[in-house]
Amino acid sequence: MTDHDDIERIAADWLARRDSGTLSLGEEAAFAEWVNASVAHRVSYLRLSATWTRTQRLAALEHRDDLAMYPSRAIAACFKYAVRGASAVTGLVLAGLLAWYGWQYSHSIYRTEIGAMQSLLLADGSRVTLNTNSRMRAAISNGRREVDLRQGEAYFEVAHDSARPFLVHIGEVDVEVVGTQFAVHRSDESVRVLVNEGHVRVHALAPAGPQSSAIEMVAGDIAVLSASGIEHRHATAEELDAALSWRNGQLVFRDTPLVAAVAEFNRYRSKPLVIVDPQLADMRIGGTFRIANADSFLQLLQQGFDVDISTQDEAVLLRRR
Amino acid sequence: MATITDDWFVAEVLVHEAALTRFLRRRWREAAEIADLRQEVYVRVYESARASRPQHPRAFLFATARNLMSDRIRRGRIVSMEAVADFEKSNVLLVEDWTPEHQESSRQELQRLTRALERLPPRCREVIWLRRVKGLSQKEVAAALGIAEGTVEKQVAKGVRLLTDHLRRDEAALNNTAPATTDTAGKTYD
């Protein structure tokens, strides 16, 4: 038994060595010598190498991030992010500790490119839809469910589980849910939370001290948290629809200043729309437009509002005609 | 490195490992010796095949296993009276009807691989995931996890051994569609 075990150990080392991509000619010769030295060596190696070849099929799981397990260090090394506040760092430490204690947990990172939208399932069955240019980390374990929205916007459909609270960290804002549907948008200036269904509790760390204030939000509520304070109100049905229209691939504007409409479109574009003449900025526009195709929007501006559109290499310029 | 016999061996002999292991377990008392026994069966089959390819690989594999076990018993190793008695009862070669992974869909194979992967210890699994699922090079895996390349290699070595065991055991469990037959009820082959 020990013989076979020793041989298998050596065979495994050789397989890993040969798979490393850094095998020298001398080592390859040494391997050939070892594998030819006895049939027992050869057979042991073949058995392992057959498995290794089979694992090539695992590449089919490339997009199954819900099955992945990434250690906390991978986040720091591979992904640069703007950290606001302590919550992200605490998340990393927590993940590291969990790994040390061998807890079962699933820990994944998701990102969308500019103009992309991705809907995905978390390990607990909750569904998250990530909007353009967004980054999110999810850590689901036996005892808790945590998501960290690093950048962008996400819509959450949280699977009901009263035994495991669902927490969303957005910088210094924490959203705690039991079973509900809500959206979070993180921009440089503020965090916006919007509840579609159910009820959430939002915690915001007060800048002055450790005491956090909590807001209870119900379906139809919007809260905007920024440096200037917290705005919490009930939204109209149209407002809610407009704010969530991205999920249908649309943008809805209602008496919206052009500068704001352009800023919104630009979240989904790598070639930005730029308003050259400042008089255009306050022009009010309304309508529903497909996100993927700004042409109808630009056409409306051209025909209905006398705007001159000039497409350059780096940007699309909007001028007064 | 791979010779024609190597390819034949992987395709025609190793595929039966699950059945072979079960075969050995039913007849050999010392569970700890099974892996070793199996390896020796493989060696004999390989050596034989190098000289001349057996026409019925599966039957040959099982016949070799049977011979090896009786050799060992005859050589008078630590063998209890019960082991010998059990063995002699099984003088009929048992062959199950089902065929192994050749016939499985690639979906089943992927499921099996995923199950095996999920059973790996966390660190080992991370390495294998990044290497095989994400397709990162060893260097990239080391950088991503903040560990030395040597450590990545060690985890690959550990992983491939564990995966092999898990995969073969999974095959044994899943392919056990036939009810447990007694030795004397088996049919002879060729």
Side-chain angles (χ1 to χ4, degrees), chain A residues 1-5 7-22 28 31-32 35-36 38-64 67-74 76-78 99-100 102-105, chain B residues 1-2 6 9-11 14 17 30 32-40 42-47 50 106 109-110 112-114 116-118 121-123 125-126 128-135 137-139 143-147 149 152-161 163-164 167-168:
Chain A
M1 149 83 166
T2 46
D3 259 357
H4 148 72
D5 217 48
I7 294 176
E8 194 183 78
R9 205 179 301 265
I10 297 172
D13 286 343
W14 272 122
L15 187 139
R17 225 18 320 271
R18 295 180 83 219
D19 191 59
S20 71
T22 62
E28 182 65 39
F31 167 70
V35 79
N36 289 319
S38 100
V39 174
H41 292 182
R42 189 172 207 95
V43 155
S44 193
Y45 186 84
L46 279 178
R47 196 171 159 268
L48 296 181
S49 118
T51 300
W52 195 240
T53 304
R54 280 168 84 177
T55 61
Q56 271 170 359
R57 268 204 229 221
L58 285 170
L61 298 180
E62 204 190 342
H63 302 292
R64 293 290 307 276
L67 293 174
M69 277 173 73
Y70 289 107
S72 52
R73 276 170 287 182
C78 293
W100 180 257
W103 253 44
Q104 288 301 93
Y105 75 108
Chain B
M1 178 213 101
D6 288 348
F9 187 77
V10 170
L14 286 181
E17 177 161 315
E30 284 303 319
E33 290 175 359
I34 299 286
D36 196 39
L37 205 54
R38 185 179 60 204
Q39 286 305 107
E40 218 181 303
Y42 284 157
V43 168
R44 286 198 181 187
V45 167
Y46 189 98
E47 278 171 336
R50 231 186 344 203
S106 54
E109 169 74 347
L110 183 60
R112 174 161 293 142
L113 285 165
T114 309
L117 181 64
E118 284 176 333
R123 174 53 110 210
R125 178 181 158 170
E126 280 156 3
I128 304 285
W129 181 275
L130 292 176
R131 226 33 209 95
R132 279 329 229 186
V133 177
K134 292 298 191 182
S137 72
Q138 178 173 279
K139 202 172 181 156
L145 299 181
I147 56 179
E149 281 190 54
V152 174
E153 259 181 59
K154 267 203 217 89
Q155 290 297 342
V156 166
K158 178 175 176 184
V160 74
R161 292 181 73 190
L163 283 172
T164 306
L167 283 171
R168 298 302 183 186

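Lettering of chains follows the sequences in order, A, B, ..., and the numbering in each one begins at 1.
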Point to revise | Pairwise distance CD(A:Q56) to CG(B:L113) - rounded to 0.5 angstrom | key: 11.0 Å
Study note, to complete from the structure: Here the gap from B:T114 atom OG1 to A:R57 atom CZ, rounded to the nearest 0.5 Å, amounts to 11.0 Å
**Study point:** From CA spacing to verdict: side chain to side chain contact (heavy atoms under 4.5 Å, CB included), B:L163, A:R54
**Key:** CA-CA 10 Å; B:L163 283 172; A:R54 280 168 84 177; over 6 Å; no
Review point. Heavy-atom distance under 4.5 Å to chain A: side chain of B:I128, backbone, both or neither?
Key: side chain
Practice item. Measure B:E17 against the heavy atoms of chain A and call it side chain, backbone, both or neither at under 4.5 Å. Key: side chain
Review point. Between the main-chain N or O of A:W52 and the side-chain N or O of B:R132, is there a donor-acceptor pair closer than 3.5 Å?
Key: yes
Point to revise | Value rounded to 0.5 Å, distance of CG in A:L46 from CG in B:L14 | key: 6.5 Å
Exercise for review: For the residue pair A:S44 and B:Q39, establish whether any side-chain heavy-atom pair is separated by less than 4.5 Å.
Suggested key: yes
Check your understanding: chain B heavy atoms under 4.5 Å from A:D19: which part of the residue, side chain, backbone, both or neither?
Key -> both
Check your understanding: If every non-hydrogen atom of B:A157 is compared with every non-hydrogen atom of A:A16, which pair is closest and at what distance?
Key -> N-CB, 3.8 Å
**Study point:** Per-residue contact mode, B:R44 against chain A (heavy atom under 4.5 angstrom)
**Key:** neither
Point to revise | Side chains of A:L48 and B:R161 in contact at under 4.5 Å (non-hydrogen atoms) | key: yes
Exercise for review: Check whether any side-chain heavy atom of A:T22 sits under 4.5 Å from a side-chain heavy atom of B:K139, and report yes or no.
Suggested key: no
**Study point:** Region of A:A32 in contact with chain B, defined by heavy-atom distances below 4.5 Å
**Key:** neither
Review point. When rounded to the nearest 0.5 angstrom, what distance separates CD in B:E47 from CZ in A:R42?
Key: 11.5 Å
**Study point:** For the student: nearest non-hydrogen atoms of A:L58 and B:L110, plus distance
**Key:** CA-CD1, 4.3 Å
Point to revise | B:V160 portion near chain A, given a 4.5 angstrom heavy-atom threshold | key: both
**Study point:** Max heavy-atom pair count under 4.5 Å with chain B, selected residue of A:D13, A:T53, A:V43
**Key:** A:V43
Revision key, fill the gap. Cut-off 4.5 Å, heavy atoms of chain A, and the answer for B:L117 is side chain
Point to revise | Heavy-atom proximity to chain A below 4.5 Å, by part of B:T164 | key: both
Point to revise | Pair A:R47-B:Y42, side-chain donor/acceptor within less than 3.5 Å | key: no
Review point. Where do A:A40 and B:V43 come nearest, in terms of heavy atoms and distance?
Key: CA-CG2, 3.4 Å
